[in-house]
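The structure appears below as structure tokens.
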Amino acid sequence: MSASAGPEVAAQFSARERWLTDERAERLRSASARITLVLILVGLFLGGWEFLKWATEAPRTTLPHFHEVVDYLFSINSQGDVVWLAIGRNLRLTFIEALSGLSVAIVAGFAAGTLMALSRWTGRGIMPFVIGAQTVPIVAIAPALVIWLGTGWETKALIAGFLAFFPIAVTSARGIGDVSQDSLDLMASYGASRTEVFFKLRLPSALPYIFTGLEVAAAFSVIGAIVAELPVGSQEGIGVVILTSQQYFSLQPESLFAAIGGACLLGGAMVGMVRIIQIVFLRGHRAQELS
């Protein structure tokens, strides 16, 4: 190693350390801002809830107070279980269905998006089917699929994946295909193969697009799983809890609001999981580029 190599290595190490320090500080500021924003929005939501009840003079059977919904969560249901624990068990099943469906959608959507981006003729052939499948109302085909395939969690995962497929396929196609010709020419000048171009250029540049589609797909997968639980024959899942609570809304309206709140938390958790993976993955990718 030459004598000049030492200062160069030290400079690179110092630059890397400064980048990591700045990155940590930026993440801390961003996290603080997000937490503050969430708290403000929660406060506005609860204030709007209570204001709406006061302004409309809605009775409990139409719109209960928020604290009544919280009290209901810690009460005992007719089966002798604490309500929030019973809702949690149903949410766990819906989570498994949504996560399984999202996994299937990731594989199928990324494959379809890659084909659409790399092959013009294949893309023209696949895109009408992708758009056509998305325009079919999920509430129309879910009962039929449940009747054909049964009421198992696998069927509900398939329906969840069907709904989550479109955003992944479209964003993957957009990201993989959105590469400048100059970058492609540069890779060609290095003698890079099509595989190397894909994994070293197209895929890294497509990651922001893909993760954006994954966030949308994560929310859609929860919607698909809940819709799949609504047809007759399903015994568990937050969709079943919502349907049952709706039937007894006039007697116990807190049940429906609690179930809807649980579904919202599940959707937020799915999207948050994708965002955490995105932060970890892209941070490691950037650090690898700087090393």
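With Ser205 contributing its side chain and Arg202 its backbone, the two residues share a donor-acceptor pair below 3.5 Å. Distance alone, capped at 3.5 Å, places no donor-acceptor pair between the Glu215 side chain and the Val274 backbone. Although no hydrogens or angles enter the test, the distance criterion places no donor-acceptor pair under 3.5 Å between the side chain of Ser119 and the main chain of Leu115. With hydrogens and angles disregarded, a donor-acceptor distance shorter than 3.5 Å links the side chain of Glu196 to the backbone of Ser193. At least one donor-acceptor pair closer than 3.5 Å links the side chain of Glu229 to the backbone N or O of Ile238. Checking side-chain atoms of Ser183 against main-chain N and O of Val179 turns up no donor-acceptor pair under 3.5 Å. Under the 3.5 Å distance criterion, the side-chain polar atoms of Ser245 are left unmatched by any main-chain donor or acceptor of Ile242. Side-chain atoms of Gln246 do not come within 3.5 Å of backbone N or O of Leu243 as any donor-acceptor pair. Under a 3.5 Å cut-off, the side chain of Asp81 and the backbone N or O of Val83 do not form any donor-acceptor pair. Side-chain N or O atoms of Lys53 include none that pairs as donor or acceptor with a backbone N or O of Pro64 at under 3.5 Å.
Heavy-atom contacts from other residues, nucleotides or ligands closer than 6.0 Å to CD of Glu57 number 12 or fewer. Heavy atoms of other residues, nucleotides or ligands lying less than 6.0 angstrom from CZ of Phe249 number more than 12. Annotation: Phe66, atom CZ; neighbour count of heavy atoms from other residues, nucleotides and ligands within 6.0 Å does not exceed 12. Around CZ of Arg92, the count of heavy atoms belonging to other residues, nucleotides or ligands within 6.0 Å does not exceed 12.
When each of Thr114, Leu203, Ile210 is paired with Ser172, the side chain to side chain contact (heavy atoms under 4.5 Å, CB included) condition holds for Ile210 and for no other.
Note that CE of Met270 and OG1 of Thr94 are 11.0 Å apart. Values are rounded to the nearest 0.5 Å.
Trp84 has its ring centre no less than 6.0 Å from the ring centre of Tyr72.
Here Glu236 does not pair with Arg89 in a salt bridge; the nearest charged N to carboxylate O distance is not below 4.0 Å.
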